[in-house]
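Since the model is a prediction, treat every value here as computed from it, not as a measurement.
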Amino acid sequence: DLIITQLFYDVDLFLKFVKDCRDLGINVPILPGLMPIRSYAGLCRMCDLCGTAIPQKIHDECASFKDDDKRVQDFGVQQMVDMCKTLIENGIYGLHFYTLNQESLVTRILLGLGLLKEEELVKPLPWSGARSSGSEQGESVRPIFWANRPKTYMDRTASWDQFPNGRWGNSASPSFSTLDLYHFNLYRSSEETRKNEWGSPKTHSDVAEIFVSYLNGKVSTLPWNNTKLSPEASQIFDQLRKLNSHGFLTINSQPSVAGEPSDHPVHGWGPVGGFVWQKAYLEFFCTPAHLE
């Protein structure tokens with residue numbers, strides 16, 4: 001009855017797809033799958049999982065604030081508004097948004113497109129006005145929390161899930177993926193690539209050698225790390241290499257940072273004007289013998 005595409009950020013590619021379908025006689029409605037950019041890391045991870053290319057323009061424009069989730073989301077809203085306007089101008093009148101259980105960015109996009117009005121977001125109270133009469137009409141007493149809490153609980157907590165990036169937030173939030181699909185995400189590279197890079201390890205030493213090769217850049221991915229080492233790992237690179245060569249297989253780590261500005265090119269994250277403090281930590285696998 002209809003076609004819904006996976007997420008994409010290249011409008012020209014989508015419009016070509018629609019034209020190709022029409023030329024082949026496929027005339028059912030084709031809805032573009034649109035996912036607002038919520039975080040830079042999330043964008044890269046999702047596109048990598050789906051095999052979707054990210055236009056270089058988005059990488060370039062996000063480069064200076066990719067660790068500031070609020071600025072990334074503001075950019076993502078405007079980017080999606082512009083993208084939707086181009087789609088509509090080219091005769092695409094149906095839009096399918098992937099919200100990932102977070103509708104706030106889509107609401108802002110619809111406001112930016114003029115498809116939603118601010119007053120439509122304010123719901124009337126579910127109860128009628130006071131039905132009192134006589135002396136009760138002059139009532140001057142209200143529960144004190146009505147004055148101290150001018151906003152509703154739902155309004156005050158509406159943004160609590162806005163920045164679920166792993167550094168803070170409620171793990172029960174629908175913004176975080178469930179663990180039951182974790183095993184599907186372990187391998188992002190092809191089986192052939194994995195065999196070429198990993199070979200056929202048979203001993204603990206063979207596995208340790210693969211981890212060391214990953215640190216040295218000779219192996220592109222591990223089941224727990226599908227990207228290259230982050231720049232801040234250079235601060236503890238020698239220690240990581242030594243640990244892995246001795247059989248302590250590291251899968252997550254960070255160096256200590258004391259008061260670096262939040263826009264630091266290596267250690268910075270979050271809004272500009274802040275400071276970063278973090279403790280050093282290390283996660284690793286090892287055999288019972290190494291533990292002893």
Side-chain angles (χ1 to χ4, degrees), residues 6-11 13 33-84 97-102 104-106 108-109 112 159-169 171 173 175-177 185 188-189 214 217 220-222 224-237 251-281:
Q6 70 173 16
L7 63 96
F8 66 92
Y9 297 93
D10 187 333
V11 176
L13 191 62
L34 307 171
M35 190 184 79
I37 301 174
R38 183 169 295 279
S39 72
Y40 182 77
L43 168 70
C44 296
R45 184 168 57 251
M46 186 63 74
C47 288
D48 180 52
L49 179 63
C50 297
T52 300
I54 304 174
Q56 188 59 44
K57 181 180 179 182
I58 292 180
H59 284 297
D60 295 341
E61 294 186 8
C62 288
S64 63
F65 53 84
K66 62 183 178 67
D67 294 314
D68 186 338
D69 284 353
K70 184 179 185 308
R71 289 187 64 186
V72 170
Q73 290 185 13
D74 291 343
F75 166 83
V77 168
Q78 188 57 53
Q79 181 270 339
M80 192 58 65
V81 168
D82 295 340
M83 190 170 164
C84 290
F97 289 98
Y98 296 111
T99 65
L100 302 184
N101 290 324
Q102 289 291 297
S104 58
L105 294 188
V106 176
R108 292 175 58 187
I109 292 165
S159 64
W160 283 9
D161 284 322
Q162 283 294 87
F163 308 107
N165 58 13
R167 293 182 182 273
W168 63 80
S171 62
S173 164
S175 301
F176 292 94
S177 300
N185 299 326
R188 304 289 178 82
S189 56
Y214 170 75
S220 62
T221 181
L222 294 175
W224 304 272
N225 300 288
N226 63 304
T227 59
K228 296 180 180 180
L229 285 177
S230 64
E232 72 172 5
S234 61
Q235 186 174 323
I236 54 175
F237 178 79
I251 59 171
N252 197 8
S253 62
Q254 72 178 25
S256 62
V257 176
E260 293 286 2
S262 58
D263 58 350
H264 188 278
V266 174
H267 302 297
W269 59 273
V272 175
F275 296 90
V276 177
W277 277 268
Q278 65 184 35
K279 292 184 177 180
Y281 77 83

Do you know which of V276, D69, D68, D263 makes side chain to side chain contact (heavy atoms under 4.5 Å, CB included) with W269? V276
Nearest non-hydrogen partners of V72 and F65, listed with the distance: CG2-O, 3.4 Å
Any idea which heavy atoms bring S256 and A280 closest together, and the distance? N-CB, 3.7 Å
Test log, rule side chain to side chain contact (heavy atoms under 4.5 Å, CB included), inputs E61 and Q79: CA-CA 11 Å; E61 294 186 8; Q79 181 270 339; over 6 Å; no
With rounding to the nearest 0.5 angstrom, report the CZ to CE distance, F75 to M80. 10.0 Å
Closest non-hydrogen atoms of F8 and T52, given as atom of the first, atom of the second and distance, are CA-CG2, 3.9 Å
If I take atom CD1 from residue I58 and atom CE from residue M83, how far apart are they, to the nearest 0.5 angstrom? 7.5 Å
Side-chain heavy atoms of P255 within contact of H267, under 4.5 Å: yes
Which value, rounded to the nearest 0.5 Å, describes the distance between R71 atom CZ and S64 atom OG? 5.5 Å
Nearest 0.5 Å, please: how far is SG in C84 from CZ in F97? 4.0 Å
Roughly how far apart are Q78 CD and I109 CD1, rounded to 0.5 Å? 10.0 Å
Do M46 and L100 come close enough that some side-chain heavy atom pair is under 4.5 Å? yes
Heavy atoms of T99 and R38 approach each other most closely as O-NH2, 4.5 Å
